[in-house]
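Input: a single structure, listed below in structure tokens.
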Amino acid sequence: MDLALLRTFVAVHRAGSFTRAAALLGLSQPAVTSQIRTLERQLGRPLFLRQARGVTPTTVGDELAHRAAPHLDALVEIVESGLDDESSSRTLHLAGPAEFTAERALPALSELTGDDGRSFALRASFGTTEEVLEGLACGLHDLAISTAWPRGALLTATPLCDEEHVLVAAPRWAERIGSDTLRLKGAPALEHLPLVEVHESLPFVSRYWASVFDARPAATGTVIAPDLRAVLSCVTAGAGLAVLPRYLCAPALEDGTIVTLHDPVVPPLRTYFLVVRTGTLALPHIARAHEWLQRAATTWC
């Protein structure tokens, strides 16, 4: 049996779409369709059920993928490991949320761009979870950092770390509110105070309010800036309250520029995941970056 047919089959099985598999393989969609039909004729059994949006594997298709995919991945690993001495010519395309990628991931991975003989070039892209995962699925990125667990077999996720969210403001706002008032009244004590957020929907504040106060924020955003680092700058300048990741605002908390307004017994957390296209951890430069980030993350929590 032609290994190229099996490779195309596994790509379609993981992608759930002829079109997406074609993009990943660098083939035309008709070529992928033709190869799958050829394989189905050779086996005498249908491998996929065609639907309006993508394809669904038959039981025969699932069984073939279960048997063939590990061996194809192993072959890729054998071939790529032979190129490991030349890995300095490889480029790792990383994508993730701007702040976490800039503050955490890129500094850690920069250690792998040196001259140790196993280094690689690094290219970073920033985007929302949806944009990052879609770009990874389409082959634009090699490794993604996501705040959501991806669906389907095309992408494989590994938990990376949790970030704690804290309610912060400049000291003058803390003095105005008073710790006892917030402790006794909860969310209503904050209703008429200005909020600083990354989006009009108040994603960080809403998540915090729901988790800690079991309520929805009554106020609207006073300052909206689509970058958590800009939110921190505005909070430091006294623009209002915000919910921020602790790692991002830790220096400002330590020097007293801003303060926490509330310390819940169970603080809200958000989990980050490392995501790759299934099978690509066989590539040495992706595997090394994946392992390095997991190791670095043990010091981030």
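Side-chain atoms are counted along with the backbone in the values below, which use heavy atoms only and exclude waters and symmetry mates.
Contact between T19 and Q29 at its shortest, heavy atoms only, is OG1-CG, 3.8 Å. Shown here for R14 and A69, the closest heavy-atom pair between the two residues is NH2-CB, 3.6 Å. Annotation for L25 and A11: closest pair CD1-CB, 3.8 Å, computed over non-hydrogen atoms. Taking each heavy atom of P226 and E99 in turn, the nearest pair found is O-OE2, 4.5 Å. Between P57 and F48, the closest heavy-atom pair is CA-CD2, 3.7 Å. G256 and P171 make their closest contact through O-CG, 3.5 Å (heavy atoms, listed as atom of the first residue, atom of the second, distance).
With contacts defined as side-chain heavy-atom distances shorter than 4.5 Å, the pair W149/T271 does not qualify. Between L49 and V55 there is no side-chain heavy-atom pair separated by less than 4.5 Å. Residues V276 and H290 form a side-chain contact, since some pair of their non-hydrogen atoms from C-beta on lies under 4.5 Å apart. When side chains are defined from C-beta on, V259 does not count as touching V168, because their heavy atoms never get closer than 4.5 Å. Inter-residue side-chain proximity for L6 and L3 is flagged as met; some heavy-atom pair is nearer than 4.5 Å. Using a 4.5 Å heavy-atom threshold, the side chains of L27 and Q35 count as touching. Between L195 and T220 there is no side-chain heavy-atom pair separated by less than 4.5 Å. Counting only heavy atoms from C-beta outward, the side chains of L43 and L47 approach each other to under 4.5 Å.
For the atom pair OG1 (T158) and CZ (F273), the distance works out to 9.5 Å, reported to the nearest 0.5 Å. Of the inter-residue distances, the one linking I36 atom CD1 with T33 atom OG1 reads 8.0 Å to the nearest 0.5 angstrom. L94 CG to L293 CG: the interatomic distance, rounded to the nearest 0.5 Å, is 7.0 Å. The structure places OG1 of T280 at 9.0 Å from CG of L155, a figure rounded to the nearest 0.5 Å. Within the model, atoms CG of L167 and CG of L244 stand 9.5 Å from one another, a figure rounded to the nearest 0.5 Å. The structure places OG1 of T58 at 9.5 Å from CD of E63, a figure rounded to the nearest 0.5 Å.
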Please output the side-chain donor-acceptor pairs of residues 230-240 that fall under 3.5 Å, not counting sequence neighbours, one pair per line with the distance.
from	atom 1	to	atom 2	distance (Å)
S233	OG	R229	O	3.2
T236	OG1	L232	O	2.8

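Judged by distance alone, with hydrogens and angles left aside, the side-chain atoms of T260 form no donor-acceptor pair with the main-chain N or O of H262 at under 3.5 Å. In this structure, S206 contributes its side chain and P203 its backbone to no donor-acceptor pair below 3.5 Å. Side-chain atoms of S34 never come within 3.5 Å of backbone atoms of P30 as a donor-acceptor pair (strictly under, hydrogens ignored). The backbone N or O of L106 lies less than 3.5 Å from a partner atom in the side chain of S110, making a donor-acceptor pair. Put simply, the side chain of T278 gets close to the backbone of L154: a donor and an acceptor are under 3.5 Å apart. When atom types are taken as modelled, the side chain of T298 and the backbone of R295 share a donor-acceptor pair closer than 3.5 angstrom.
Atom CZ of R37 has 12 or fewer neighbouring heavy atoms from other residues, nucleotides or ligands inside a 6.0 Å radius. For CG of D255, the number of neighbouring non-hydrogen atoms (other residues, nucleotides, ligands) closer than 6.0 Å is greater than 12.
Taking hydrophobic clusters as Ile, Leu, Val, Met, Phe, Trp and Tyr residues chained together by side-chain heavy-atom distances below 4.5 Å, L109 does not share a cluster with V275. Hydrophobic clustering (side-chain heavy atoms under 4.5 Å, transitive across Ile, Leu, Val, Met, Phe, Trp, Tyr) keeps L140 apart from L136. One hydrophobic cluster, built from ILVMFWY side chains closer than 4.5 Å, holds both V205 and I258. Side-chain heavy atoms closer than 4.5 Å link hydrophobic residues (I, L, V, M, F, W, Y) into clusters, and following such links, possibly through other members, connects L281 to W292. Tracing side-chain contacts under 4.5 Å through hydrophobic residues (I, L, V, M, F, W, Y), one never reaches V243 starting from L269; they form parts of separate clusters.
Under the salt bridge (Lys or Arg N to Asp or Glu O under 4.0 Å) criterion, R50 pairs with E40, not counting sequence neighbours. Residues forming a side-chain contact (heavy atoms from CB on, under 4.5 Å) with H93 (at least two apart in sequence, or on another chain): T91, R123, D142.
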* Check the pair L160, W300 against side-chain contact (heavy atoms from CB on, under 4.5 Å), reporting the backbone distance first and the verdict last. => CA-CA 10 Å; L160 179 62; W300 296 341; 4.1 Å; yes
* **I224/V198 under side-chain contact (heavy atoms from CB on, under 4.5 Å): CA gap, chis, key distance, verdict** => CA-CA 5 Å; I224 303 295; V198 295; over 6 Å; no
* Let me see the working for R277 and L24 under side-chain contact (heavy atoms from CB on, under 4.5 Å), right down to the final yes or no. => CA-CA 10 Å; R277 287 188 302 283; L24 292 173; 3.4 Å; yes
* To do: Kindly indicate, with the supporting measurements, whether the criterion side-chain hydrogen bond (donor to acceptor under 3.5 Å, both in side chains) is fulfilled by R41 and T38.
  => CA-CA 5 Å; R41 284 196 300 270; T38 298; 3.3 Å; yes
* To do: Please step through side-chain hydrogen bond (donor to acceptor under 3.5 Å, both in side chains) for the pair H199 and E197, ending with a clear verdict.
  => CA-CA 6 Å; H199 191 270; E197 256 283 13; over 6 Å; no
* Asked: Passes side-chain contact (heavy atoms from CB on, under 4.5 Å), L248 versus E163? Steps please.
  -> CA-CA 10 Å; L248 188 64; E163 74 176 9; over 6 Å; no
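Counted by atom type alone, Q51 and T56 present one or more donor-acceptor pairs between their side chains at under 3.5 Å.
Salt bridge status for E134 with R20: present, with a side-chain N to carboxylate O gap under 4.0 Å.
Using cut-offs of 30° and 60° on the angle between ring planes, the pair Y272 and F100 is parallel. Relative orientation of the H165 and F204 rings is tilted, given thresholds of 30° and 60° on the angle between their planes. Using cut-offs of 30° and 60° for the angle between ring planes, the W209 and F213 rings count as perpendicular.
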